[in-house]
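Reading through the structure tokens given below for one structure.
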Amino acid sequence: MAQKPSIPKGTRDFSPSEVIKRNYIFDIVKKHFQTFGFQPIETPSFENSDTLMGKYGDEGDRLIFKILNSGDFISKVDDVTYSSKNSSSLTPKISEKALRYDLTVPFARYVVQHQNEIDFPFKRYQIQPVWRADRPQKGRFREFYQCDADVVGSDSLLQEVELVQLYDAVFTSLKLEGVNIKLNNRKILAGIAEVIGAGNNLINFTVALDKLDKIGEEGVKKEMLAKGISETAIEKASPLFYLNGSNTEQLDKLQYLLSSSEVGTKGVEELRFILEFIEEVGLQSAKLSIDVTLARGLNYYTGAIFEVSAPEGVQMGSIGGGGRYDDLTGIFGLKNVSGVGISFGLDRIYLVLEELGLFPKTIEQSLDVLCVNFGEQEALEALRLTTQLRSAGVRADIYPSDAKMQKQMKFANSRNVPYVILLGAQELKDKTFVVKNMSNGEQETYNFDAIDDFIAKL
RNA sequence: GUGGUUGUAGCUCAGCUGGUUAGAGCGCUGGUUUGUGGUACCAGAAGUCGCCGGUUCGAACCCGGUCUUCCACCCCA
């Protein structure tokens with residue numbers, strides 16, 4: 001054999017059974033997106049570099065896959081730039097396009113570009129792959145799917161409430177019980193920073209706070225100190241580390257803590273609204289909890305922040321996230337359009353469902369009936385049968401050669417076919433066929449003209 | 001991007017301080033059983049030991065490089 005071919009780092013092939021299981025998730029997500037009134041759009045796999053660069057921070061820029069220009073691109077670079085060997089000045093000259101990094105920024109671009117055709121508020125969903133030049137790990141790939149649902153053109157908190165319901169609806173349908181929807185608000189984080197006197201260091205403050213569950217209180221304090229947050233400020237923030245109790249209790253404590261901050265108070269009010277509405281309508285299987293340490297996410301979030309973590313006991317990063325961004329389209333020149341959205345991480349949800357054994361057994365049945373092939377004459381009759389079954393919508397197939405019965409049965413078995421039809425010389429003579437139920441081994445004989453009776457039993 | 005880790009049959013993995021023809025289980029193929037799979041028994045096929053180079057009389061094993069896997073940072077779905 002020649003040297004084995006391979007695929008790039010962080011990418012995967014999907015086998016039939018994997019594709020079926022992935023589609024199972026896609027279908028459920030899509031179904032709920034639609035029942036919540038979201039409309040589908042798609043955008044190109046690659047965008048102009050200007051559209052993407054600078055939208056995700058320095059770290060993000062590094063992770064964007066750039067596409068080389070076509071043609072003899074290097075000859076068009078001036079000598080100074082070329083010999084400087086400086087990537088950041090050379091890259092824009094040889095690459096004008098880049099692969100989509102997420103679905104939110106292309107969506108913002110879409111909204112701005114099509115603003116005159118869109119009826120606001122616009123609820124759109126989008127299920128497409130994105131690419132990141134990240135170092136792969138478990139549940140972390142260079143090509144993966146995002147399933148996004150966003151609403152633009154409405155600043156009503158009702159949207160946040162509905163998005164929480166949407167998360168709950170999808171995970172309930174997937175039988176993935178006990179997921180934790182964590183909720184925070186950027187305004188609360190800003191309020192805290194303001195109250196403790198670290199308002200000008202908000203990003204460093206929140207990034208450090210986000211690590212609380214990972215590196216503990218001491219670790220967080222150490223990092224804050226290293227990032228230039230004063231000791232007195234950290235001292236003032238200490239109550240955050242001991243924020244516990246029910247959601248309402250936490251809110252009350254926050255309200256007290258943030259009473260001197262206008263923005264902080266606003267954040268508490270917003271959270272309270274969402275929690276109260278959700279309490280009224282109830283959730284089916286998900287948990288909703290306040291988590292002030294939740295700071296994940298891009299710097300464009302301005303209001304609510306969501307993150308969904310897998311049920312306890314499953315080692316997996318977040319399986320979904322989202323939030324409100326008051327000014328997302330602003331970066332493309334359209335002011336005062338507020339948006340809020342959530343995302344489902346298909347690939348990670350897949351890993352979680354697989355680990356917990358939550359994929360339904362039946363989805364791997366890609367065939368309802370297989371006819372055993374006993375030779376030319378018998379096969380002709382079996383083909384007639386198969387044709388009738390197919391036109392009745394039954395997924396039926398006939399084994400292509402009259403291989404040994406054992407082999408054909410084994411094939412049916414490994415394909416998870418629930419029924420096998422036997423139509424040999426004897427049956428041909430009697431104008432009958434035998435149906436074998438592969439799960440219990442029972443066999444039943446039908447006349448040719450009684451095929452509908454068999455179909456009815458499927 | 002930083003530090004570490006992994007790669008041996010289709011799959012999961014053994015393989016001693018370097019020493020003849022590199023092993024197991026599962027799977028696969030054939031048979032026991034020419035009209036019965038999922039169980040059992042028997043037999044068989046299948047590996048330039050990730051790739052390139054070096055050290056050595058001799059390398060799956062030691063050294064360097066490279067790709068890949070996973071892990072911790074970073075960041076994130």
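Computed from a predicted structure; not experimentally measured. Proteins get letters first, then strands, A, B, ... in listed order; numbering begins at 1 in each.
Look at the P atom in both B:C16 and B:A72: the space between them is 29 Å, to the nearest Å. If you take atom P in B:G54 and the same atom in B:C41, they sit 49 Å apart, rounded to whole Å. Atom C1' of B:C13 sits at a distance of 12 Å from the matching atom of B:G7, rounded to the whole Å. The gap from the C1' atom of B:A43 to that of B:U6 amounts to 36 Å, rounded to the nearest Å. If you take atom P in B:C73 and the same atom in B:G15, they sit 30 Å apart, rounded to whole Å. Spacing of P atoms, B:A46 relative to B:G23, comes out at 13 Å, to the nearest Å. Here, B:A24 and B:A9 have their C1' atoms 11 Å apart, quoted to the whole Å. When the P atom is compared between B:U55 and B:C63, the two are found 15 Å apart, to the nearest whole Å.
Listed candidates were B:G35, B:A72, B:A77. Nearest to the side chain of A:Arg348 is B:A77. Ranking B:G37, B:C76, B:C70 by closeness to the A:Arg132 side chain, first place goes to B:C76. When distances run from any side-chain atom of A:Leu422 to the nucleotides B:G37, B:U36, B:C75, the shortest one goes to B:U36. Closest to the A:Val434 side chain, of the nucleotides B:U69, B:G35, B:A77, is B:G35. In the set B:A77, B:G30, B:G37, the nucleotide with an atom closest to the side chain of A:Lys407 is B:G30. Relative to the side chain of A:Arg135, the nucleotides B:G38, B:G31, B:G1 differ in distance, and B:G1 lies closest. The A:Phe374 side chain lies nearest to B:G35 when the options are B:C74, B:G37, B:G35. Distance from the side chain of A:Gln137 is smallest for B:C73 among the nucleotides B:G35, B:C73, B:C75. Side-chain proximity of A:Met405 to the nucleotides B:U32, B:G35, B:C75 is greatest for B:G35.
Using Watson-Crick or G-U wobble geometry with both donor-acceptor distances under 3.5 Å, B:U6 finds no partner in any strand shown. With a 3.5 Å ceiling on both atom-pair distances, B:U36 lacks any Watson-Crick or G-U wobble partner. Pairing for B:C16 is absent, with no Watson-Crick or G-U wobble pair whose two atom distances lie under 3.5 Å. Nucleotide B:G64: paired with B:C52 (Watson-Crick or G-U wobble, both distances less than 3.5 Å). Base pairing of B:A59 is not made with any nucleotide, judged by Watson-Crick or G-U wobble geometry with both donor-acceptor distances under 3.5 Å.
Between A:Tyr419 and A:Phe454, the ring-plane angle classifies as perpendicular under the 30° and 60° cut-offs.
Stacking of A:Arg132 on the aromatic ring of A:Tyr101 is recorded, both the 6.0 Å distance cut-off and the 45° axial limit being met. Cation-pi geometry between A:Arg22 and A:Phe14 is met: the NZ or CZ atom falls under 6.0 Å from the ring centre, inside 45° of the normal. Because its NZ or CZ atom is not both nearer than 6.0 Å to the ring centre of A:Phe448 and within 45° of the ring axis, A:Lys431 does not count as a cation-pi partner of that residue.
Salt-bridge annotation for A:Glu218 and A:Lys222: absent, with no side-chain N of the basic residue lying under 4.0 Å from a carboxylate O of the acidic one. A salt bridge links A:Lys457 with A:Glu444: at least one charged nitrogen is closer than 4.0 Å to a carboxylate oxygen.
Within 4.0 Å (heavy atoms only), A:Gly139 reaches at least one base atom of the nucleic acid. If you check every strand for non-hydrogen atoms under 4.0 Å, A:Gln408 touches nothing. If you check every strand for non-hydrogen atoms under 4.0 Å, A:Phe141 touches a base. In this structure, A:Ile319 reaches the sugar-phosphate backbone alone: every heavy-atom distance under 4.0 Å involves primed, P, OP1 or OP2 atoms, never a base. Within 4.0 Å (heavy atoms only), A:Ser414 reaches no atom of the nucleic acid at all. Counting any heavy atom pair closer than 4.0 Å across all strands shown, A:Gly10 reaches sugar-phosphate atoms only and no base atom. Residue contacts for A:Glu378: at a heavy-atom cut-off of 4.0 Å it reaches no nucleic acid atom on any strand shown.
Using a 4.0 Å cut-off, no side-chain N or O of A:Lys436 falls inside it from OP1 or OP2 of B:U36. Distances shown here put a side-chain N or O of A:Lys211 below 4.0 Å from the OP1 or OP2 atom of B:C74.
Note: NZ (A:Lys9) to C1' (B:G7) measures 15 Å, nearest angstrom. Atom-to-atom, NZ of A:Lys404 to C1' of B:G37 comes out at 15 Å; the value is rounded to the nearest Å. Atom-to-atom, CG of A:Asp102 to C1' of B:C75 comes out at 14 Å; the value is rounded to the nearest Å. Nucleotide B:G38 holds its C1' atom 17 Å from the OH atom of A:Tyr419, rounded to whole Å. Residue A:Ile342 contributes atom CD1, which lies 19 Å from atom P of B:C76 at whole-angstrom precision. In this structure, the CE atom of A:Met409 is 19 Å from the P atom of B:U33, given to the nearest Å. As rounded to whole Å, 15 Å separates atom C1' of B:A77 from atom CD of A:Gln126. Taking atom CG of A:Asp58 as the reference point, atom P of B:G1 lies 16 Å away to the nearest angstrom.
Between A:Phe107 and A:Tyr125, the ring center distance fails the sub-6.0 Å criterion.
Looking at A:Asn413, its side chain has no donor and acceptor atom pair within 3.5 Å of the base of B:G38. Evaluation of atom-type donor-acceptor distances gives no pair under 3.5 Å for the side chain of A:Arg415 against the base of B:G37. Between the side chain of A:Gln406 and the base of B:G31, no donor-acceptor pair under 3.5 Å is found.
Nearer the 5' end of RNA chain B, as judged by each residue's closest nucleotide, is the contact made by A:Leu423, out of A:Leu423 and A:Val207.
B:G37 has no stacking from A:Phe411 on its base ring, since the centres under 5.5 angstrom apart and planes within 30 degrees of parallel are not both found.
Pairs of residues two or more places apart, or lying in two chains, that qualify as ring pair (Phe, Tyr, Trp, His ring centres under 6.0 Å) and include a residue from residues 128-150 of chain A are A:Phe26-A:Tyr145.
In this structure, A:Arg142 and A:Phe65 have side chains that are in contact, with non-hydrogen atoms separated by less than 4.5 Å.
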